[in-house]
Amino acid sequence: MASNRFHVLLLWLSLCVALADEVAVENMYIGLDDILSPLDSNTTHPSWLSSSGHFAFGFYRHGDGHGYAIGIWLMGGTTNTVVWTTNRDDPPLSSNSTLQLTVEGLLLKQGSDDRGQLYVPSEPAGSASMLDSGNFVIYSQESSSFVVWQSFHHPTDTILGGQNLTILNQLVSSRSTSDRSTGHHYLAFQDDNNLVAYPINSSGTASDAYWAFRDQNIYHGTEVAQLSLDAKGYLCFSVFQCLANNTNQQIKQQNTSSIYRATLDVDGNLRLYEHLFDANSSSSLLVHTNTVWQALTDECQIKGFCGSNSYCSNTSGNARCHCYPGFVPYNNKTSGGNAMFLECKLNYSKDDCETSGGRNYNIVSLEEMQWNYDYPYWAKLMSMEACNKSCKEDCDCAAALYTNGRCNKYSLPLSYGRKAPNASDTGMALFKVPSEYVIRKNTTTSSPKNPNAIVNNRRGLILILASTLGSLSFLCVVFVVSIFFIYRSQVHRFTKLSASSNLGFTEECSLRSFSFDELVKATSGFTEEVGRGSFGAVYRGTIGENSKRIAVKRIEKIVDEGEREFRAEITAISRTHHRNLVKLIGFCIEGSRKLLVYEYVSNGSLANLLFKTKKHLPWKERLKIALDVARGVQYLHEECEVRIVHCNLKPHNILMDELLTAKISDFGLARLSKPELLSIRPDKNEVKTGYLAPEWQKEALASVKADVFSYGIVLLEIVCRRRSIEVNVPSPEEVLLSSWAYHCFATEQLHKVVVYNEDEKQDMDWKTLERMVKVGLLCVQDDPSLRPSMKNVILMLEGWKDVPIPPSPSC
Ligand SMILES: *[C@@H]1O[C@H](CO)[C@@H](O)[C@H](O)[C@H]1NC(C)=O
Ligand SMILES: *[C@@H]1O[C@H](CO)[C@@H](O)[C@H](O)[C@H]1NC(C)=O
Ligand SMILES: *[C@@H]1O[C@H](CO)[C@@H](O)[C@H](O)[C@H]1NC(C)=O
Ligand SMILES: *[C@@H]1O[C@H](CO)[C@@H](O)[C@H](O)[C@H]1NC(C)=O
Ligand SMILES: *[C@@H]1O[C@H](CO)[C@@H](O)[C@H](O)[C@H]1NC(C)=O
Ligand SMILES: *[C@@H]1O[C@H](CO)[C@@H](O)[C@H](O)[C@H]1NC(C)=O
Ligand SMILES: *[C@@H]1O[C@H](CO)[C@@H](O)[C@H](O)[C@H]1NC(C)=O
Ligand SMILES: *[C@@H]1O[C@H](CO)[C@@H](O)[C@H](O)[C@H]1NC(C)=O
Ligand SMILES: *[C@@H]1O[C@H](CO)[C@@H](O)[C@H](O)[C@H]1NC(C)=O
Ligand SMILES: *[C@@H]1O[C@H](CO)[C@@H](O)[C@H](O)[C@H]1NC(C)=O
Ligand SMILES: *[C@@H]1O[C@H](CO)[C@@H](O)[C@H](O)[C@H]1NC(C)=O
Ligand SMILES: *[C@@H]1O[C@H](CO)[C@@H](O)[C@H](O)[C@H]1NC(C)=O
């Protein structure tokens with residue numbers, strides 16, 4: 001074992017020597033006057049080559065043949081392999097574009113139009129070079145060995161030998177092999193040192209991740225986790241932790257040389273490629289390309305390989321996407337050839353479900369389906385027959401998955417489904433298909449447009465009528481029987497409720513109960529979505545004669561079993577009255593539908609105010625907002641009848657009214673989602689969002705001190721006006737706001753934590769800033785017992801109480 005490690009160490013040492021050698025080789029310098037242009041001419045060339053001739057930087061033809069893009073590619077073979085692209089989502093450039101190295105960077109022009117500098121290096125540029133490693137570097141004017149900008153620090157979908165992937169950058173796949181614009185997946189380091197792949201537009205939580213690898217190294221100070229590819233094809237986190245070893249090393253022939261690249265491919269899979277070149281030929285002839293390693297062997301494991309409402313199946317080693325029963329292809333663009341990213345839409349309207357109560361539907365099934373990464377909005381233990389029926393009658397139910405005696409109902413869109421014949425956690429997927437559609441499908445095969453079809457349709461109608469009447473009488477019996485049982489259980493429930501200290505609604509509760517139809521009308525059919533919280537979408541609406549504005553929250557992600565708990569929670573919420581809390585007006589419970597009606601708060605969220613708008617926020621205003629939020633949290637913790645732990649405090653669910661008074665929303669719901677929802681989530685390792693207190697990772701118990709932690713993060717965000725985790729920062733130590741703020745505080749450089757311009761300079765209130773930062777740092781202590789109570793937070797912010805010197809947040 002030890003000798004093995006020593007061996008690898010030697011390999012690394014030899015690599016370092018090799019890299020040093022490479023630097024010593026005379027580079028081909030590009031001077032300030034050199035100009036690139038897509039078309040060859042006497043004074044310009046389309047690209048700048050590396051001295052080995054393997055890599056080129058410059059204009060390459062855009063996939064569709066119209067226009068050009070700027071990037072770096074590996075020469076050879078029938079098509080060059082593009083390994084880097086700049087401004088990948090910009091429209092293609094015309095043939096009269098030019099690119100020139102200037103003191104300020106790389107100047108792009110289209111005809112005579114100045115399109116600005118592509119890069120602005122940290123210091124004046126003097127020269128540039130396309131290195132043999134595939135790195136394009138710009139050197140400073142002062143010294144031609146000082147690199148002021150390099151393409152290796154800005155990867156697109158590929159890293160090359162000598163390049164590192166860190167928390168500061170990420171790989172984003174390309175849309176297709178010919179279109180290098182932003183595609184469907186990304187791979188990024190999280191601040192917990194996990195390298196994780198996600199579909200691009202997903203919410204980036206553990207349930208969206210499809211591949212992850214944890215960097216086991218422990219980092220200190222400003223070191224960050226990184227994945228490195230070396231020139232010999234080792235893709236490693238460190239010497240001892242490799243993803244891919246180049247095992248072909250020994251059998252490689254002497255007359256070839258290799259270049260390695262790791263690419264997040266179009267399909268979302270990370271692969272390591274080896275390009276073999278003829279070592280002896282001066283023309284750098286590409287001999288062969290091998291796939292050395294890939295992250296996933298079955299593409300169906302890649303979430304987002306198939307688009308919405310389609311599922312993946314691996315037949316004879318080929319992953320393919322298919323529409324679910326009752327759906328038809330929606331985007332044909334990519335369905336030819338390889339059907340990845342196939343998206344499907346319902347082939348019927350679900351409007352008539354409301355009127356027919358689901359009678360016009362049949363259930364069609366698909367076996368061995370794995371779906372456990374998309375949350376059901378409803379789940380219950382029941383027989384399959386009851387599950388069939390339950391989905392039929394529920395107009396929100398697009399499909400159900402019956403697994404281990406449990407019925408999981410899903411609404412549209414359906415994502416991440418896959419047929420997995422050999423997996424253990426699969427179930428029978430049940431789809432609702434209009435019965436008329438099934439019958440018509442059966443008859444159209446004979447003769448589509450002749451009178452027979454009408455007869456057949458009429459026969460179908462008779463069939464429906466007959467079966468309806470038949471089932472109607474059956475239903476009557478069921479109805480009578482179930483009424484009896486429901487009555488009994490209601491009596492039972494009622495006694496239980498009154499026994500457990502009156503959790504039902506009483507007169508003192510001023511909540512209004514709405515019918516679903518009323519809310520459909522109030523929101524014009526849920527058309528105007530104003531936001532999306534952890535529990536479902538929020539819609540704008542109006543009620544009453546004076547058109548009072550309301551916000552209606554449709555609770556989707558709650559398991560149905562807890563109706564009693566749901567009522568108890570809204571009773572608790574309804575008893576909160578505080579100017580810094582969003583007021584609950586009413587609710588609606590009809591079957592599986594659960595909706596909450598809130599007062600409408602007009603000025604958007606605090607997140608929007610802090611991070612999106614450029615509005616100047618005076619220090620008085622920031623302190624006021626911080627105090628508003630603190631008072632709301634303190635009320636929840638200490639002043640209302642039932643202590644409420646928010647559990648999800650962040651600027652996104654703090655709303656601002658017209659006078660910029662902050663109002664907390666989404667409180668009181670946390671208990672509904674736990675443990676019920678957690679128990680059906682496949683992965684409890686919820687990805688850190690920055691707001692969750694560290695003890696959440698260890699135990700599920702919510703304490704008020706967890707809210708104090710989240711409050712501390714929000715407070716620091718209000719002061720610094722940046723997110724708690726920010727990737728686009730000049731240096732790695734700035735990524736995490738809490739440690740950066742502590743660093744600035746400890747080194748007495750608090751001016752560094754805020755960004756302000758000349759106008760705002762007069763307004764700077766350093767005393768208030770320091771006080772707020774200190775309180776924030778006290779709140780974000782890893783050890784919950786070191787965090788102050790909300791009451792003390794308020795006293796300290798108001799200046800009634802001295803703020804102690806905060807220790808370093810992490811213990
Ligand atoms: C390019 O060079 C060739 C020969 O050296 C000359 O005939 C031609 O006119 C030149 N073209 C331009 C645009 O200068
Ligand atoms: C050349 O550049 C000009 C802008 O200066 C632009 O209007 C024109 O369309 C371009 N010509 C071609 C062929 O793209
Ligand atoms: C990659 O990481 C290694 C080791 O930390 C470092 O020496 C090297 O400079 C990094 N490469 C680049 C391009 O930053
Ligand atoms: C992701 O969302 C953006 C913005 O809504 C959209 O333009 C893009 O097409 C989406 N990408 C995919 C792969 O769906
Ligand atoms: C790579 O090689 C190292 C050392 O030989 C070994 O410890 C590690 O398990 C290998 N990793 C893989 C993925 O083969
Ligand atoms: C390159 O070619 C020369 C002569 O053609 C041969 O002697 C030499 O061995 C070759 N080098 C390699 C690495 O194959
Ligand atoms: C490398 O050399 C071997 C024999 O020495 C030969 O068979 C093979 O074709 C050569 N490969 C290339 C790419 O020249
Ligand atoms: C996909 O299909 C191929 C060929 O049938 C098979 O070798 C492979 O194991 C399958 N993958 C999975 C995960 O079932
Ligand atoms: C979609 O694809 C199917 C099958 O490939 C084809 O029959 C149909 O015409 C296509 N539709 C459109 C709108 O391109
Ligand atoms: C979609 O539904 C229509 C009837 O509503 C039917 O004619 C058509 O065949 C269906 N398409 C598919 C692909 O099943
Ligand atoms: C539920 O519907 C599916 C699809 O029609 C059927 O295969 C299954 O037998 C039904 N289950 C019961 C218990 O009725
Ligand atoms: C379709 O027609 C065949 C024969 O006409 C019949 O046996 C079958 O039950 C029909 N299927 C449906 C879904 O009605």
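Because only heavy atoms are used, hydrogens play no part in the values below, and waters and symmetry mates are left out as well, while side chains stay in.
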| task | Go through the steps for F667 and D707 under the test side chain to side chain contact (heavy atoms under 4.5 Å, CB included), then give the verdict. | result | CA-CA 11 Å; F667 55 90; D707 278 355; over 6 Å; no
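Look at R579 and D628 and you find a salt bridge, because one of the NZ, NE, NH1 or NH2 atoms lies within 4.0 Å of a carboxylate O, short of that distance. In this structure, D765 does not pair ionically with R622, as no charged nitrogen and carboxylate oxygen lie closer than 4.0 Å. Note on K615 versus E621: no salt bridge recorded, every NZ/NE/NH1/NH2 to OD/OE distance being 4.0 Å or above.
Below 30°, between 30° and 60°, or above 60°: for H743 and W740 the angle between ring planes is below 30°, a parallel geometry.
A heavy-atom distance below 4.5 Å is found between the side chains of H646 and N653. Between E599 and V582, the closest side-chain pair of non-hydrogen atoms falls below 4.5 Å. Within the 4.5 Å cutoff, the side chain of M772 has heavy atoms near those of the L797 side chain. Here the side chains of Y539 and E529 are in contact, with some heavy-atom distance below 4.5 Å. Taking the side chain as every heavy atom from C-beta outward, F745 and E770 approach each other to under 4.5 Å.
For F516 and F526, the ring centers sit closer than 6.0 Å to each other.
K620 pairs by the salt bridge (Lys or Arg N to Asp or Glu O under 4.0 Å) definition with nothing, not counting sequence neighbours.
Applying the salt bridge (Lys or Arg N to Asp or Glu O under 4.0 Å) test to every pair with at least one member in residues 795-804, sequence neighbours left out, gives these pairs: R631-E798.
Between the SG atom of C720 and the CD atom of E726 there is a distance of 11.0 Å, given to the nearest 0.5 Å.
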